[in-house]
Amino acid sequence: MTVTPRTALTIAGSDSGGGAGVQADLRTFFANGVHGLVALTAVTVQNSLGVQGFSEIPVDVVTAQIKAVAEDMGVNAAKTGMLATAEIIQAVAKTLDKVHIGRTTDTPFVVDPVAASMTGHALLREEALEAIRTELFPRATLITPNLDEVRLLTGVSVTETKSQHAAAEALLEFGSQWVLVKGGHLHDAADCVDLLTDGSAVIELSGPRIDTENTHGGGDTMASAITSSLAKGADVPTAVAEAKRFIERCVLEAYPLGAGVGPVSPFWRLANPQ
C-alpha cells in the first residue's frame, strides 16, 4: 500500500539558475522524503554570477497559493525564503494565521530571512526588513539568518563567539521561539559553528569548514532541510542537527556550474538514501 509522505510548503522566489529559491527547497524536500508544496512570490532573472532582476507575483496570487494547498492537501511544516516587499510579507503573515501555520499552532514555521546577497548587500528595503521583524519573526518556530542578515536585522556584527551570542539574544527579542545564528560566513574561523537557542537552551553545532567557493543555495538548503525534519515530527534541536549534517554533505558535494558560484548539491542522497 502506498504511503502518502508528509508535506512541506515553501513560500519563496524562483531561481532561474536552479541553485537557490524554490528550486533548492524542492530538491531538498525530495531528498529528505517529503512532498514539496509551493507558493511562488517572485520570479528572478539570475545565474551563477548573481541576480540581474526580478518580478514580483501579485500579492493576491501569493496568498491564494498558500490557501489552496493548505486547505486541500494540508501542510506539516512551512518555510519562507525571498518575500521581496513589505506588502507581500504582511499578506503572507495574515494568511498563515488563517490556515493555522506558525509557532502557536501544530504546524512549525521556519523563517529564512532572505535579506542579503552573497556579497552581503541588502536585498530588501527597510520597510520590508521591519515587516520581517514585526510580522514574520513573532510567528516563527525558528529563524535562520546568515551573519549578513543578522547585521541588517539587528545591527550586531558577528565576529566571534561572544558577538554570536549577543546576536542571538537580540534576535530572540523579535519574538521567534528559536533562533539559529549560522556561522558559515565567519570565514576566518577554523570550524563552522552554528548557535541554536530559545533563550533557555543554548546549543552549539560545530562542523568542518569545507574549502569550496560553490555555496549557492546553502542557506535555502539548510532551512528546507530543517523544515523537512520538522514536517516529519522532529523537535527543533533534532531537526537542526539533522539539517546540519545534511548541508555539510551538500557543500562537500557542491559542483561548479557557470562562470560564478556553483550550487550546493543534495544529489549524494540518491546514492545514499539513509
Side-chain angles (χ1 to χ4, degrees), residues 20 24 28 79-83 103 108-124 128-130 132-210 215 217-227 229-230 234-248 250-251 264:
T28 302
K79 71 170 288 289
T80 58
M82 177 186 179
L83 296 183
R103 60 171 295 185
F109 175 45
V110 176
V111 175
D112 183 21
V114 178
S117 69
M118 288 184 292
T119 58
H121 294 101
L123 295 175
L124 299 178
L129 289 172
E130 183 61 15
I132 289 175
R133 297 183 191 102
T134 60
E135 299 288 344
L136 289 186
F137 283 177
R139 291 171 166 85
T141 306
L142 170 70
I143 63 174
T144 64
N146 64 36
L147 298 187
D148 293 310
E149 289 155 352
V150 167
R151 174 178 50 79
L152 290 171
L153 290 160
T154 68
V156 177
S157 295
V158 176
T159 56
E160 30 59 45
T161 300
K162 183 177 180 180
S163 53
Q164 190 176 27
H165 282 259
E169 292 176 4
L171 288 164
L172 279 172
E173 292 182 5
F174 295 127
S176 64
Q177 183 178 359
W178 289 85
V179 166
L180 178 67
V181 181
K182 297 176 293 185
H185 288 193
L186 278 177
H187 300 294
D188 293 334
D191 295 320
C192 182
V193 179
D194 299 338
L195 177 67
L196 175 67
T197 181
D198 64 351
S200 177
V202 179
I203 303 167
E204 292 187 352
L205 300 110
S206 181
R209 185 168 295 279
I210 298 164
T215 58
D220 299 341
T221 299
M222 175 75 165
S224 51
I226 294 169
T227 306
S229 292
L230 292 173
D235 59 24
V236 170
T238 301
V240 172
E242 290 175 348
K244 175 80 169 175
R245 292 191 292 271
F246 181 81
I247 189 60
E248 285 173 0
C250 290
V251 175
V264 301

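- Expressed to the nearest 0.5 Å, how far CG of L230 lies from OG1 of T238 amounts to 9.5 Å.
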Using the side-chain contact (heavy atoms from CB on, under 4.5 Å) rule, take M82 and D112 through it: C-alpha gap first, then chi angles, then the decisive distance, then the call.
CA-CA 8 Å; M82 177 186 179; D112 183 21; over 6 Å; no
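- Contact of the V156 side chain with the L171 side chain is not registered, since no non-hydrogen atoms from C-beta on lie closer than 4.5 Å.
- Ion pair R245/E248 not flagged as a salt bridge, since none of the NZ, NE, NH1 or NH2 atoms sits closer than 4.0 Å to an Asp/Glu carboxylate oxygen.
- A 4.5 Å side-chain heavy-atom check between V110 and T80 finds every atom pair outside the cut-off.
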Run S163 and E160 through side chain to side chain donor-acceptor pair (under 3.5 Å) and show every step you take.
CA-CA 6 Å; S163 53; E160 30 59 45; 2.9 Å; yes
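- The backbone N or O of E135 sits less than 3.5 Å from a side-chain atom of R139, completing a donor-acceptor pair.
- At least one donor-acceptor pair under 3.5 Å links the side chain of S224 to the backbone N or O of T221.
- Using a 4.5 Å cut-off on side-chain heavy atoms (C-beta onward), L153 and F137 make contact.
- Without hydrogens or angle criteria, T28 side chain to A24 main chain gives a donor-acceptor distance under 3.5 Å.
- Annotation: the span from Q164 atom CD to L147 atom CG amounts to 7.0 Å, rounded to 0.5 Å.
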Give the C-alpha distance, both sets of side-chain angles, the deciding distance and a yes or no for side-chain contact (heavy atoms from CB on, under 4.5 Å) between I203 and T197.
CA-CA 6 Å; I203 303 167; T197 181; over 6 Å; no
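- Contact between M222 and K182 at its shortest, heavy atoms only, is CG-CD, 4.4 Å.
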Start with the C-alpha gap between L180 and I226, add the side-chain angles, then the distance that decides, and say whether side-chain contact (heavy atoms from CB on, under 4.5 Å) holds.
CA-CA 11 Å; L180 178 67; I226 294 169; 4.1 Å; yes
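- Taking the side chain as every heavy atom from C-beta outward, L142 and V111 never approach each other to under 4.5 Å.
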Quick one, S229 with E242, criterion side chain to side chain donor-acceptor pair (under 3.5 Å). Give me CA distance, side-chain angles, the key distance, then yes/no.
CA-CA 7 Å; S229 292; E242 290 175 348; 2.7 Å; yes
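- A donor-acceptor pair under 3.5 Å is absent between the side-chain atoms of K79 and the main chain of F109, judged by distance alone.
- Rounding to the nearest 0.5 angstrom, the gap separating the CG atom in L83 from the CG atom in L136 is 6.0 Å.
- D191 contributes no side-chain N or O that, together with a main-chain N or O of V193, makes up a donor-acceptor pair within less than 3.5 Å.
- Closest approach of C192 and P208 over heavy atoms only: CB-O, 4.1 Å.
- Residues V181 and H165 form no side-chain contact, since every pair of their non-hydrogen atoms from C-beta on lies 4.5 Å or further apart.
- Annotation: side chain of P138 is not in contact with side chain of R133 (no heavy-atom distance under 4.5 Å).
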Applying side-chain contact (heavy atoms from CB on, under 4.5 Å), run through V114 and D220 and close with a yes or a no.
CA-CA 9 Å; V114 178; D220 299 341; 4.2 Å; yes
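- How far OG1 of T134 is from CG of L129: 10.5 Å, rounded to the nearest 0.5 Å.
- The CD atom of E169 sits 9.5 Å away from the CG atom of L195 when rounded to the nearest 0.5 Å.
- Taking all atoms of both residues into account, the shortest heavy-atom contact from W178 to S176 is O-OG, 3.1 Å.
- Listed for the Q177 side chain is no donor-acceptor partner under 3.5 Å among the backbone atoms of R103.
- Looking only at side-chain heavy atoms (C-beta outward), L196 and L205 come within less than 4.5 Å of each other.
- The shortest non-hydrogen separation linking A225 to A243 is CB-CB, 3.7 Å.
- Looking at I247 and V264, their side chains come closer than 4.5 Å, going by heavy atoms from C-beta outward.
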